[in-house]
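Below is one structure, written out as structure tokens; comments come after it.
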Amino acid sequence: VQLQASGGGLVQAGGSLRLSCVVSASDFSLNVMGWYRQAPGKQRELVAIITRGGTTTYADSLKDRFTIWRDNGQRTVYLQMNSLKPGDTAVYYCNRVNDPWVWGQGTLVTVSS
């Protein structure tokens, strides 16, 4: 399975970005999907989850700024990030939550102050 994340870049604090992740798995729609991030020198952390039916869960500190959704027909999961902060700087990845596939390259988000 290939996980192709895109949409990252350099943005000023307070700005927004929309990330996309195209998944090659034919059973994409059957999987609970998540966005993760890994900041320099830190462990990878779970940012948001979306179930097969579209129920979403967020890390407590992010739920007011981030939105996850999915398009099963396009095998794509999205992450809208608003009011970005320098602390959001990280490489962002998508993967299924249960029994993750091999991780993709992710997409780098850099938020300048």
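Worth knowing before you read on, the calculation uses all heavy atoms, side chains too, and leaves out hydrogens, waters and symmetry mates.
Within 6.0 Å of CD on Gln105 lie no more than 12 heavy atoms contributed by other residues, nucleotides or ligands. Atom CD of Gln4 sits in a sparse spot, with 12 or fewer heavy atoms from other residues, nucleotides or ligands closer than 6.0 Å.
Distance SG/Cys94 to CD1/Ile50: 12.0 Å, rounded to 0.5 Å. Rounded to the nearest 0.5 angstrom, Tyr36 OH and Arg44 CZ are separated by 9.0 Å. The CG atom of Leu3 sits 6.5 Å away from the CE atom of Met33 when rounded to the nearest 0.5 Å. Rounding to the nearest 0.5 angstrom, the gap separating the CG atom in Leu30 from the CZ atom in Arg52 is 6.0 Å. We find the SG-CG distance between Cys21 and Leu19 to be 9.5 Å, quoted to the nearest 0.5 Å. To the nearest 0.5 Å, atom OG1 of residue Thr67 and atom CE of residue Met81 are 11.0 Å apart.
Between the side chain of Asp71 and the main chain of Gly73, a donor-acceptor pair closer than 3.5 Å is present. At distances below 3.5 Å, at least one donor-acceptor pair connects side-chain atoms of Thr89 with backbone N or O atoms of Val111. The backbone N or O of Leu10 lies less than 3.5 Å from no partner atom in the side chain of Thr110, so there is not a single donor-acceptor pair. Under the 3.5 Å distance criterion, the side-chain polar atoms of Thr76 are matched with a main-chain donor or acceptor of Gln74.
In terms of the side-chain hydrogen bond (donor to acceptor under 3.5 Å, both in side chains) criterion, residue partners of Arg18 (sequence neighbours excluded) are, by chain and number, Gln80. Under the side-chain hydrogen bond (donor to acceptor under 3.5 Å, both in side chains) criterion, Ser16 pairs with Asn82, sequence neighbours left out. Under the rule for a salt bridge (charged side-chain N to carboxylate O under 4.0 Å, His left out), Arg75 has no partner lying at least two apart in sequence or in another chain.
No continuous path of hydrophobic side-chain contacts links Val32 to Val47 [ILVMFWY only; heavy atoms under 4.5 Å]. Linking ILVMFWY side-chain heavy atoms closer than 4.5 Å, directly or via other members, places Ile49 and Trp69 in two distinct hydrophobic clusters. No path of Ile, Leu, Val, Met, Phe, Trp and Tyr side chains, each step under 4.5 Å between heavy atoms, connects Val91 with Val23, placing them in separate hydrophobic clusters. No path of Ile, Leu, Val, Met, Phe, Trp and Tyr side chains, each step under 4.5 Å between heavy atoms, connects Tyr93 with Leu17, placing them in separate hydrophobic clusters. In the hydrophobic clustering of ILVMFWY residues, with side-chain heavy atoms under 4.5 Å counting as a link, Val77 and Trp101 come out together.
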- Query: Does the pair Arg37 and Tyr92 meet the rule for a side chain to side chain donor-acceptor pair (under 3.5 Å), with working shown?
  - Reply: CA-CA 4 Å; Arg37 68 184 183 184; Tyr92 286 72; 3.0 Å; yes
- Before giving the answer on side chain to side chain contact (heavy atoms under 4.5 Å, CB included), spell out for Asp88 and Arg65 the whole-Å C-alpha distance, their side-chain angles and the decisive distance to 0.1 Å. CA-CA 11 Å; Asp88 296 319; Arg65 299 190 293 119; 2.8 Å; yes
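A cation-pi arrangement is present between Arg70 and Phe28, with the terminal nitrogen or guanidinium carbon under 6.0 Å from the aromatic centre and inside a 45° cone about the axis.
The nearest pair of heavy atoms linking Ser113 to Pro86 is CB-CG, 3.9 Å. Counting all heavy atoms, side chain and backbone alike, Leu79 lies closest to Ala48 at CD1-CB, 4.3 Å.
Tyr58 places a side-chain heavy atom less than 4.5 Å from the side chain of Thr56.
A distance of 6.0 Å or more separates the ring centres of Trp35 and Tyr78.
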